[in-house]
Amino acid sequence: MAKRRAVGLLLTALLQTACIGAEYKPQFAWEQEVFSANATAQASLTGCAAACTLLEWTAYLSVNQPNTFEYDGDKQSYWSAQQASVSPRCFVQPNNAEEVAAIIRILERTDCPFAVRSGGHGAFTGASNIPDGVTIDLRRLNEVNVSEDRSTTRVGAGNHWIDVYDRLTPMNLSVVGGRVTGIGVGGLTLGGGISFFSGRRGWACDGVRNYELVTADGSILDVNYKSYPDYYWALRGGGNNFGIVTHFDLETFEQGPMWGGVTVNSMEHNASLIQALVDFTNNSPTDPDGANWVAFVYAQTYGQWIASTELVYAKPVENPAILKNFTAIPNIHSTLRFSNLTDLSREVNQSNPDGMRQTWTTMTFKNDPRVMQASLDIWKEEILPIQNITGLVPALVFQSIPVDVIRHFSKNGGNCLGMDLEDGPLILVNIATMWASTSDDEAVLSTLERLTERSTAKAEELGLSHKYLYQNYAGQYQDVYSSYGETNRQRLLEISKKYDPKQVFQRLQPGYFKLGA
Ligand SMILES: Cc1cc2nc3c(=O)[nH]c(=O)nc-3n(C[C@H](O)[C@H](O)[C@H](O)COP(=O)(O)OP(=O)(O)OC[C@H]3O[C@@H](n4cnc5c(N)ncnc54)[C@H](O)[C@@H]3O)c2cc1C
Ligand SMILES: *[C@@H]1O[C@H](CO)[C@@H](O)[C@H](O)[C@H]1NC(C)=O
Ligand SMILES: *[C@@H]1O[C@H](CO)[C@@H](O)[C@H](O)[C@H]1NC(C)=O
Ligand SMILES: *[C@@H]1O[C@H](CO)[C@@H](O)[C@H](O)[C@H]1NC(C)=O
Ligand SMILES: *[C@@H]1O[C@H](CO)[C@@H](O)[C@H](O)[C@H]1NC(C)=O
Ligand SMILES: *[C@@H]1O[C@H](CO)[C@@H](O)[C@H](O)[C@H]1NC(C)=O
Ligand SMILES: *[C@@H]1O[C@H](CO)[C@@H](O)[C@H](O)[C@H]1NC(C)=O
Ligand SMILES: *[C@@H]1O[C@H](CO)[C@@H](O)[C@H](O)[C@H]1NC(C)=O
Ligand SMILES: *[C@@H]1O[C@H](CO)[C@@H](O)[C@H](O)[C@H]1NC(C)=O
């Protein structure tokens, strides 16, 4: 134990004092021994087995190795069954940015591929877990600390939104964050982040005042509009490509009680729901306190095709004018009520259980009922033949990107998503599908691929498609960064090369969406 501690201190010292960005120079006798003794010694310190050992025994970090209760728990904590079936060489759970920096330096030295996990809601294999690599699980970065003047909240990147809302709602405060309690702060914020408050304040990435970021060489930077404007722009939509965010300082605002809930309509009302969404999307700038989504779903248990609509108003006003075209449609079930953010986001959490197989894909349309109607018809036609697959819950979800939201994308130097005011208003499409068994993967995935292709082609034919692909809803074969526009993608690549010259986050972190060549 004494040796372990001593070596641990040495490595920590090494990691903290080594010259950032320079070529590796041994500084300590011990370091000489471990990293540069001779070719044999070096070879034995390459790869993820070595990385896991170094993390645990020399850097003194919390590591969960296979065949332990903790390791199995880490695996089971992913949302999708696909991610939960991936076995990394080990999980490591850092307590602070310094430990994240130590981890990155060891992974870089040992050339060990890694993944980073916040809330674990990325759906596909490898999004935030990695076979035979090291998975950096941020769950211990769980600080939620409101500044004295109540204008910002420092949020650890391993929190779920419920941790943030449980703290803020009783203080009559809020932030621009996820709408479902179980989602991670990390992934949602780095991909964009649609919130109930987006009409007033943009997406979650637009509400970040400062990122505490660990870079490829193990530096810890405060990245904000003043300190590193280019890096800040890239992080507002750049996913996992630019470093590991350890804390977000989120703009915080007064937020009291709200009104909202879920209504369920029978499928025959599809045209009225689509028209209500088109009107809402056009009219949102007149009252940015309204928010909603419209989901068409096949409810296998009841053998029914239905529409499930989330309606939310950020003030305690019953049935506000901006949402009246939805509430006027006859429903078969409604939970509309006076409520608050914690309560509303818990309610929608219930329809997203852990442990199912999941696949998501995305498209963006112009705000026109014809293209939504056409994609609904294609969706239903394609889903019908697989409707009885065990546990299948297929959903086609439409949401607004009104111009009041897009207006916030340009504040503080803008985000990198590539949408301008003249692009809007837009409709974001999310085709979300869950099912129970691996034996149905082929049937489900081929159906989804075909239906996405057909819908995209139809939208193009109608002249109502838009290039944008929302990272947080995209399927693994979709080219998210090209959809930001070639100018933005090239700028992202330049920023990546500037701050990560060895391309650690591109090369050693293969999962999720990459910038490309
Ligand atoms: C049930 C459900 C509800 C949803 N609701 C919303 C919603 O209301 N609004 C919305 O916009 N989206 C929503 N989404 C989509 C959601 O934003 C994405 O799935 C998001 O990636 C989840 O983030 P996570 O941290 O939970 O996932 P993870 O799988 O942990 O992370 C996703 C990706 O981000 C990277 N990442 C995470 N944290 C960091 C970090 N600190 N530093 C560097 N990289 C990091 C990971 O490496 C991974 O590649 C929802 C998803 C689900 C499943
Ligand atoms: C190389 O390093 C290994 C491990 O430290 C050691 O066992 C071996 O004797 C060294 N070989 C030489 C030629 O120094
Ligand atoms: C919250 O932040 C303040 C400084 O703004 C700091 O003094 C305090 O220790 C922090 N609290 C926690 C629990 O981290
Ligand atoms: C939020 O609403 C729920 C349900 O009405 C209620 O139980 C809870 O106390 C409310 N929370 C706050 C902080 O007002
Ligand atoms: C929150 O607002 C309510 C109603 O306006 C008020 O009664 C309560 O004292 C406030 N709580 C805090 C912590 O400010
Ligand atoms: C939409 O509703 C109409 C009736 O209003 C119905 O004929 C049509 O089948 C519905 N569309 C779908 C995809 O269910
Ligand atoms: C409600 O629907 C009517 C008729 O389509 C439309 O003129 C109006 O703008 C809509 N209102 C809102 C708030 O969307
Ligand atoms: C949200 O749902 C997930 C999956 O069912 C569950 O594990 C989690 O505890 C839920 N969170 C809350 C706050 O209810
Ligand atoms: C699915 O099951 C229902 C009810 O048993 C049946 O009517 C329907 O034809 C089945 N669909 C397919 C594609 O097999």
Side-chain angles (χ1 to χ4, degrees), residues 77-80 83 100 114-124 126-130 135-139 141 150 156-161 169-173 176-196 198 203-205 211-214 235 238-248 254-257 266-274 291 293 296 298 305-307 310 316 345 348-349 351-354 358 360 362 373 375-381 383-384 396-397 399 428 430 432 434 470-474 505 509 511-513:
S77 69
Y78 285 89
W79 176 62
S80 78
Q83 285 235 83
V100 173
F114 63 91
V116 177
R117 175 231 153 97
S118 169
H121 276 71
F124 54 81
S128 50
N129 194 5
I130 181 165
T135 297
I136 307 170
D137 181 336
L138 303 177
R139 71 181 63 203
L141 302 176
R150 293 163 64 95
N159 280 297
H160 298 97
W161 289 104
T169 308
M171 297 176 74
N172 297 332
L173 292 176
V176 183
R179 297 164 297 184
V180 181
T181 50
I183 309 310
V185 168
L188 181 132
T189 309
L190 287 166
I194 307 172
S195 156
F196 290 137
S198 288
W203 284 1
C205 64
Y211 300 85
E212 183 189 68
L213 182 76
V214 176
L235 285 169
N240 67 15
N241 289 292
F242 292 91
I244 300 179
V245 176
T246 44
H247 289 93
F248 298 88
E254 297 294 325
Q255 177 59 52
S266 77
M267 195 67 161
E268 66 182 305
H269 297 297
N270 61 72
S272 324
L273 284 161
I274 286 173
W293 69 70
F296 294 101
Y298 176 62
W305 298 83
I306 56 164
E310 174 77 7
S345 59
V348 277
N349 191 53
S351 40
N352 296 287
D354 285 350
Q358 303 280 354
W360 285 28
T362 189
Q373 201 68 58
S375 83
L376 174 63
D377 292 344
I378 293 169
W379 174 79
K380 188 172 175 183
E381 190 184 311
I383 296 294
L384 257 172
L396 172 66
V397 190
Q399 318 190 38
L428 191 55
N430 173 13
M434 66 174 111
Y470 183 36
Q471 173 157 235
N472 288 357
Y473 293 169
F505 288 103
Q509 185 196 219
Y512 215 51
F513 301 102

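As the structure lists them, so they are numbered: ligands from 1, and atoms in each ligand from 1.
- At the shortest separation from atom 12 (N) of ligand 1 among protein heavy atoms lies Leu188 CD1, 3.4 Å.
- Proximity of Leu190 to ligand 1, defined as any heavy-atom pair under 4.0 Å, is confined to the side chain (atoms from C-beta onward).
- Within the 4.5 Å cutoff, side-chain heavy atoms of Val348 are placed close to those of Trp293.
- At least one N or O atom of Arg179, backbone or side chain, sits closer than 3.5 Å to an N or O atom of ligand 1.
- Residue contacts with ligand 6: Asp377 is placed with no nitrogen or oxygen under 3.5 Å of a nitrogen or oxygen of the ligand (distance criterion only).
- Listed by number with element, the atoms of ligand 1 under 4.0 Å from a non-hydrogen atom of Ala157 are 41 (N).
- Side-chain rings of Trp203 and Tyr470 approach one another, their centers coming within less than 6.0 Å.
- At a heavy-atom distance under 4.0 Å, only side-chain atoms of Trp79, from C-beta outward, approach ligand 1.
- Using a cut-off of 4.0 Å between Lys/Arg side-chain N and Asp/Glu carboxylate O, Arg179 and Glu310 are scored as not salt-bridged.
- Close contacts of ligand 6 with Leu376, meaning ligand atoms under 4.0 Å from a residue heavy atom, involve 13 (C).
- Here Thr246 has no heavy atoms under 4.0 Å from ligand 1, in either its backbone or its side chain.
- Considering only non-hydrogen protein atoms, atom 19 (O) of ligand 1 sits nearest to His121 O, 3.4 Å.
- Ring-plane geometry between Trp305 and Tyr298 is classed as tilted, the angle between the planes lying from 30 to 60 degrees on a 0 to 90 degree scale.
- Neither the backbone nor the side chain of Phe114 has a heavy atom within less than 4.0 Å of ligand 1.
- Protein heavy atom at the shortest distance from atom 5 (O) of ligand 6 is Glu268 O, 2.8 Å.
- Considering backbone and side-chain N/O atoms, Gly184 comes within less than 3.5 Å of an N/O atom of ligand 1.
- Given atom 2 (O) of ligand 5, the protein heavy atom at minimum distance is Asn172 ND2, 2.2 Å.
- Among protein heavy atoms, atom 9 (O) of ligand 6 sits closest to Lys380 NZ, 4.5 Å.
- If you check which protein heavy atom lies closest to atom 41 (N) of ligand 1, you get Val245 O, 2.8 Å.
- In this structure, His160 and Ser118 have side chains that are not in contact, with every pair of non-hydrogen atoms separated by 4.5 Å or more.
- The protein non-hydrogen atom at the shortest distance from atom 13 (C) of ligand 5 is Pro170 O, 3.5 Å.
- Not a single protein heavy atom sits closer than 4.0 Å to atom 7 (O) of ligand 6.
- In Met267, the parts holding a heavy atom less than 4.0 Å from any atom of ligand 6 are both the side chain and the backbone.
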